[in-house]
Colleague: 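I have a structure I would like to understand better, so I am pasting it below and will then ask my questions one at a time.
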Amino acid sequence: MDLRPLLAESETKILFVVADGLGGIDSEGRGTELEAARTPNLDRLARQGATGLTYPVAPGITPGSGPGHLGLFGYDPVEHNIGRGVLTALGINFDLQPGDVAARGNFCTLNSDGDVTDRRAGRIDTRECRRLVEMLREIRLDDVEVYVEPVKEHRLLLVLRSKKNTLGAEIDNTDPQRTGVPPLEPHGRDENSQKTARMVGEFLTQAREILAQEDPANFVLLRGFAQLPRLASFKESYGLNGCALAGYPMYRGIARLLGMKVVDCGPDLESEIEALEAAWSDHDFLFLHFKDTDSLGEDGDFEGKVAAIEELDQAIPRIMELRPDVIVVTGDHSTPSAMASHSWHPVPVLISANTCRVDGVQVFGETACAGGGLGHLPAKHLMTLALAHAGRLRKFGA
């Protein structure tokens with residue numbers, strides 16, 4: 001729905017606190033990670049507000065972080081399916097140009113049979129990533145410029161640019177998303193993408209040779225091939241002056257794509273909150289991203305994810321000292337540690353504002369939120385609810 005005719009001016013402030021991969025499942029009778037965590041401050045917000053469960057894309061669909069965040073910001077993630085490559089490029093301030101093809105890469109570990117044994121090469125540190133990227137910058141391809149950039153830890157960016165040929169980004173991922181199998185071949189789904197996929201294949205051939213003697217990062221997996229889309233800005237869509245506090249490049253890229261101001265801050269929660277406090281007076285929509293819940297879920301670390309949730313909970317009183325008129329706490333998707341991956345399970349959400357219809361939910365967790373007053377809703381409707389609670393929407397119709 002185009003909200004622009006309904007937008008109303010207001011001095012209210014909206015805060016989204018997004019715990020990446022927040023949702024979980026109860027696999028051992030202990031509850032989910034959120035239910036096992038001690039969260040008195042999040043529970044208090046749940047009691048004071050309204051709760052529910054969101055579907056980032058649709059029931060049964062496992063979302064990537066890109067679609068998950070676009071949905072939270074009110075953009076239909078199916079209509080606007082933006083690949084990780086673009087978001088990663090924007091997140092590190094790479095000068096991505098129309099027609100470029102960008103892909104997010106992981107350094108990975110292959111065994112002697114060529115099978116993937118670690119999709120993240122033991123999460124090598126960023127310094128090692130930079131060293132390996134310098135090696136990959138030796139790669140040359142015919143009729144195309146190759147850019148390889150370090151991102152963070154095991155992550156890298158690949159961009160192909162051509163002044164002679166039209167490149168295509170409809171290319172299948174080479175990341176098999178599991179171990180014990182070889183990397184996938186890049187396949188293009190249209191004529192231009194097929195040509196580009198052959199270039200990607202040659203890049204990977206050279207990368208394998210260059211990295212052959214490295215340990216543990218001896219190859220590269222690529223996913224999220226994409227080109228710059230056309231998208232209405234956050235300001236155009238909602239009349240909001242948005243600001244993002246996120247330490248990881250991809251989430252900074254999503255915010256930058258939507259025209260939000262992206263504030264420099266470290267990846268740790270303390271640095272993000274300090275940046276939030278400094279930016280508070282200049283913006284009416286702020287987005288605070290917390291990554292550890294997702295990383296520890298993907299590592300299969302139940303206790304670690306519980307501890308991360310408790311760390312976030314302990315920061316809530318400090319965040320609430322800023323007195324947001326509307327606060328939304330949720331995740332972009334579920335990452336159950338029992339599955340060590342993203343999943344399709346709906347995500348708990350709470351909205352706290354003076355205008356909330358309190359629903360009687362006493363704790364913030366998946367089971368309790370399943371009976372909350374917000375019901376089970378697509379994540380893309382959270383922005384509409386936040387705007388309404390902030391007094392920023394007029395009545396629709398006569």
Side-chain angles (χ1 to χ4, degrees), residues 1-3 6-7 14-25 32 34-35 42-43 45-81 234 237-238 240 254 258 285 287-289 293-294 324-336 342-397:
M1 180 178 181
D2 185 357
L3 296 177
L6 303 180
L7 295 177
I14 300 170
L15 173 63
F16 271 42
V17 176
V18 179
D20 204 300
L22 176 64
I25 58 174
T32 68
L34 180 57
E35 291 168 340
L42 289 170
D43 293 346
L45 286 180
R47 287 194 296 272
Q48 295 170 350
T51 64
L53 295 174
T54 68
Y55 292 103
V57 178
I61 303 299
T62 298
S65 293
H69 278 80
L70 282 172
L72 291 177
F73 297 142
Y75 294 79
D76 188 315
V78 176
E79 180 181 350
H80 305 290
N81 186 13
F234 205 71
S237 298
Y238 307 120
L240 293 171
I254 295 169
L258 300 180
F285 177 91
F287 151 55
L288 178 72
H289 179 265
T293 38
D294 181 56
D325 297 284
V326 181
I327 181 170
V328 176
V329 182
T330 189
D332 57 333
H333 56 77
S334 291
T335 306
H342 293 200
S343 78
W344 60 92
H345 299 90
V347 186
V349 59
L350 70 81
I351 299 179
S352 182
N354 288 337
T355 50
C356 277
R357 180 183 292 164
V358 177
D359 57 19
V361 168
Q362 298 296 302
V363 296
F364 187 48
E366 287 84 347
T367 303
C369 287
L374 298 178
H376 298 197
L377 71 161
K380 66 182 181 180
H381 294 321
L382 288 179
M383 271 304 305
T384 312
L385 286 168
L387 289 165
H389 282 295
R392 289 178 172 269
L393 290 180
R394 298 187 183 92
K395 180 176 67 173
F396 174 73

Colleague: Give the intermediate values and the outcome of side-chain contact (heavy atoms from CB on, under 4.5 Å) for residues L240 and L387.
Modeller: CA-CA 10 Å; L240 293 171; L387 289 165; 3.9 Å; yes
Colleague: If you compare all heavy atoms of T330 against all heavy atoms of P348, which two are closest, and at what distance to 0.1 Å?
Modeller: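 What the structure gives for the nearest pair is OG1-O, 2.9 Å.
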Colleague: Could you give the distance from CG (L15) to CG (D325), rounded to the nearest 0.5 Å?
Modeller: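 Going from CG on L15 over to CG on D325, the span is 10.5 Å.
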Colleague: Evaluate the side-chain proximity of C369 to F364: yes if any heavy-atom separation is below 4.5 Å, no if none is.
Modeller: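 A side-chain contact exists here, since the closest heavy-atom pair is under 4.5 Å.
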Colleague: Check whether any side-chain heavy atom of N81 lies under 4.5 Å from a side-chain heavy atom of L70, and answer yes or no.
Modeller: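 Answer no - side chains too far apart.
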Colleague: Can you confirm whether more than 12 heavy atoms, excluding those of N354, are under 6.0 Å from its CG atom?
Modeller: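 12 or below, so no.
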Colleague: Side chains of V78 and I61: closer than 4.5 Å at any heavy-atom pair?
Modeller: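 The answer is no, as the side chains (C-beta and beyond) never meet within the 4.5 Å cut-off.
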Colleague: Going by ring-ring contact (aromatic ring centres under 6.0 Å, His included), name the residues that satisfy it together with F287, two or more places apart in sequence or in a different chain.
Modeller: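 Per chain and number, F287 pairs via ring-ring contact (aromatic ring centres under 6.0 Å, His included) with H69, F73.
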Colleague: Considering non-hydrogen atoms only, spot the tightest contact between A386 and F16 and give its length.
Modeller: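 Taking A386 first and F16 second, the nearest heavy atoms are CB-CE1, 3.9 Å.
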Colleague: Return the CG to CG distance between D332 and L22, rounded to the nearest 0.5 Å.
Modeller: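 The CG atom of L22 is 9.0 Å from CG of D332, to the nearest 0.5 Å.
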Colleague: Using side-chain heavy atoms (C-beta onward) and a distance below 4.5 Å, is H333 in contact with T62?
Modeller: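 Side-chain contact under 4.5 Å: no.
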Colleague: Taking the side chain as every heavy atom from C-beta outward, state whether H342 and D294 have any atom pair closer than 4.5 Å.
Modeller: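 Heavy-atom side-chain distance check passes, below 4.5 Å.
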Colleague: Could you give the distance from OG (S352) to CG (L42), rounded to the nearest 0.5 Å?
Modeller: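 Those atoms lie 11.0 Å apart.
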Colleague: For a side-chain contact (heavy atoms from CB on, under 4.5 Å) check, start with the C-alpha distance between V328 and V349, then their side-chain angles and the critical distance, and finish with the verdict.
Modeller: CA-CA 7 Å; V328 176; V349 59; 4.0 Å; yes
Colleague: Any chance you could measure M1, atom CE, to L6, atom CG, to the nearest 0.5 Å?
Modeller: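 The CE atom of M1 sits 5.0 Å away from the CG atom of L6.
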Colleague: How far apart are the closest heavy atoms of L34 and G365, and which atoms are they?
Modeller: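 Closest pair (atom of L34, atom of G365, distance): CD2-CA, 3.8 Å.
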Colleague: What is the distance from atom SG of C356 to atom CG of L385, rounded to the nearest 0.5 Å?
Modeller: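 It comes to 9.0 Å.
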Colleague: Quick one: side chains of residues 389-397, donor-acceptor pairs under 3.5 Å with protein atoms, not counting sequence neighbours, listed by atom name and distance.
Modeller:
residue : atom : partner : partner atom : Å
H389    : ND1  : T355    : OG1          : 2.7
R392    : NE   : T12     : OG1          : 3.2
R392    : NH2  : S10     : O            : 2.9
R392    : NH2  : T12     : O            : 2.8
R394    : NH1  : L7      : O            : 2.4
R394    : NH2  : L7      : O            : 3.4

Colleague: Go through the steps to decide whether M383 and L3 satisfy the test side-chain contact (heavy atoms from CB on, under 4.5 Å), and finish with yes or no.
Modeller: CA-CA 10 Å; M383 271 304 305; L3 296 177; 6.0 Å; no
Colleague: Flag the pair Y238 / F285 as yes when their ring centroid distance falls below 6.0 Å, and as no otherwise.
Modeller: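 Ring-ring flag for Y238/F285: false, centres at least 6.0 Å apart.
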Colleague: Identify the two heavy atoms, one from G24 and one from S334, that lie closest to each other, and give their separation to 0.1 Å.
Modeller: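 Looking at all heavy atoms of both residues, the closest pair is N-OG, 4.2 Å.
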Colleague: State, yes or no, whether a side-chain contact exists between L382 and L72 at a heavy-atom distance under 4.5 Å.
Modeller: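 SC-SC contact between L382 and L72 confirmed.
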Colleague: For V326 and A353, work out which heavy atoms get closest and say how close.
Modeller: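 So the two residues come closest at CG2-CB, 4.0 Å.
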Colleague: Considering only residues two or more places apart or on different chains, which pairs with a residue in residues 356-368 satisfy side-chain hydrogen bond (donor to acceptor under 3.5 Å, both in side chains)?
Modeller: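 Only T32-E366, E35-T367, T51-D359 qualify under side-chain hydrogen bond (donor to acceptor under 3.5 Å, both in side chains).
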Colleague: Report yes if some heavy atom in the side chain of L350 is under 4.5 Å from a heavy atom in the side chain of V361; otherwise report no.
Modeller: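 No, too far: nothing below the 4.5 Å cut-off.
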Colleague: Measuring only between side-chain heavy atoms, which start at C-beta, is Y55 closer than 4.5 Å to P346?
Modeller: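 The answer is yes; the side chains approach within 4.5 Å.
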Colleague: Mind listing the closest non-hydrogen atom pair of I25 and P336 along with its distance?
Modeller: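 The answer is CG1-CB, 3.7 Å.
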